[in-house]
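Working notes for the structure below.
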Amino acid sequence: MTEISTDNDVVTYINVFTVAPENQQRLIELLQYMAREVMPKQPGYVQANIHRGLEGTRVANYNQWRSQADLAAAREDADVRACMEQVLKIATLDLVPYEVVSVHRP
C-alpha cells in the first residue's frame with residue numbers, strides 16, 4: 001500500500017501520459033506489466049500506482065524510487081527500454097520528480 005509521507009526517504013514521480021482514447025487500455029496494460037514484471041527487478045524501485053483518466057486520454061503513474069540515480073540506472077536497462085519504446089509509440093509522457101512537502105488527513 002502506498003504511504004505518502006514527508007518522512008519517506010524516496011523520490012516520487014508523477015508521470016502523466018497522453019494517449020488516444022482507443023489506446024488508453026493498452027497503455028494501462030503496458031504500465032501494469034512494467035510495474036509487476038520489469039521494475040521490481042530494478043535496484044531502488046519502491047512502487048507504482050496507475051490511474052486511468054476518466055476523460056479517456058490520460059493515464060497517470062505515481063511511482064517511487066529510492067533515488068533519482070536509481071531511476072536513471074533503470075532507464076538504461078534493456079527490458080525497461082524495450083517497454084518504454086512500446087509505451088512511447090502510443091503515448092507522450094510528462095515525467096517530473098516530486099518531493100512530498102505536506103500530507104493532510106482528517
Side-chain angles (χ1 to χ4, degrees):
M1 174 177 256
T2 300
E3 181 174 331
I4 300 173
S5 169
T6 57
D7 297 331
N8 285 352
D9 190 22
V10 296
V11 177
T12 300
Y13 288 84
I14 303 172
N15 308 323
V16 179
F17 297 87
T18 303
V19 63
E22 62 271 17
N23 290 324
Q24 188 187 47
Q25 184 57 38
R26 175 69 181 135
L27 175 60
I28 290 168
E29 291 166 3
L30 285 167
L31 295 175
Q32 289 173 329
Y33 172 77
M34 289 179 72
R36 283 192 312 266
E37 305 295 330
V38 179
M39 293 310 193
K41 298 174 186 173
Q42 304 303 313
Y45 173 75
V46 177
Q47 65 182 336
N49 301 274
I50 300 162
H51 307 263
R52 176 192 322 266
L54 297 179
E55 87 306 338
T57 64
R58 292 203 180 68
V59 175
N61 178 353
Y62 179 98
N63 61 89
Q64 295 176 323
W65 289 81
R66 188 176 55 216
S67 70
Q68 289 186 14
D70 286 328
L71 177 58
R75 287 186 190 147
E76 298 303 317
D77 179 82
D79 291 336
V80 172
R81 291 177 74 131
C83 288
M84 283 306 298
E85 284 178 15
Q86 290 181 55
V87 165
L88 295 175
K89 284 181 182 178
I90 62 171
T92 59
L93 168 62
D94 182 15
L95 174 69
V96 179
Y98 293 87
E99 173 186 18
V100 178
V101 294
S102 66
V103 176
H104 307 274
R105 296 182 176 96

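Asn15 CG to Asn63 CG: the interatomic distance, rounded to the nearest 0.5 Å, is 5.0 Å. Atom CD1 of Ile90 is separated from atom CG of Leu30 by 5.5 Å, given to the nearest 0.5 angstrom. With rounding to the nearest 0.5 Å, the separation of CG in Leu88 from CZ in Phe17 is 7.5 Å. Atom CE of Met84 is separated from atom CG of Leu93 by 5.5 Å, given to the nearest 0.5 angstrom. The CZ atom of Arg52 sits 12.5 Å away from atom OG1 of Thr57, with the distance rounded to the nearest 0.5 Å. Atom-to-atom distance recorded for Asn49:CG and Asn61:CG is 7.5 Å, nearest 0.5 angstrom.
In this structure, the side chains of Leu71 and Gln68 stay at 4.5 Å or more apart for every pair of heavy atoms. The side-chain heavy atoms of Gln42 and Asp70, taken from C-beta on, include no pair separated by under 4.5 Å. In this structure the side chain of Val87 reaches within 4.5 angstrom of the side chain of Leu27, judged on heavy atoms.
When all heavy atoms of Arg75 and Arg81 are compared, the closest pair comes out as O-CG, 2.9 Å. When every heavy atom of His104 is checked against every heavy atom of Ser102, the shortest pair comes out as NE2-OG, 3.0 Å. Val11 and Pro97 make their closest contact through CG1-CB, 4.1 Å (heavy atoms, listed as atom of the first residue, atom of the second, distance). Residues Arg58 and Val19 come closest through the heavy atom pair N-CG1, 4.4 Å. Contact between Thr6 and Val103 at its shortest, heavy atoms only, is N-CG2, 4.3 Å. Closest approach of Tyr45 and Ala35 over heavy atoms only: OH-O, 3.6 Å.
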*Applying side chain to side chain contact (heavy atoms under 4.5 Å, CB included), run through Met39 and Val80 and close with a yes or a no.*
CA-CA 7 Å; Met39 293 310 193; Val80 172; 3.9 Å; yes
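Checked by atom type and distance alone, the side chain of Gln32 never pairs as donor or acceptor with a backbone atom of Ile50 at under 3.5 Å.
Val46 and Val38 fall into different hydrophobic clusters, defined by Ile, Leu, Val, Met, Phe, Trp and Tyr side-chain heavy atoms under 4.5 Å apart, directly or through other members. Hydrophobic clustering, with ILVMFWY side chains joined whenever heavy atoms are under 4.5 angstrom apart, keeps Val16 apart from Trp65.
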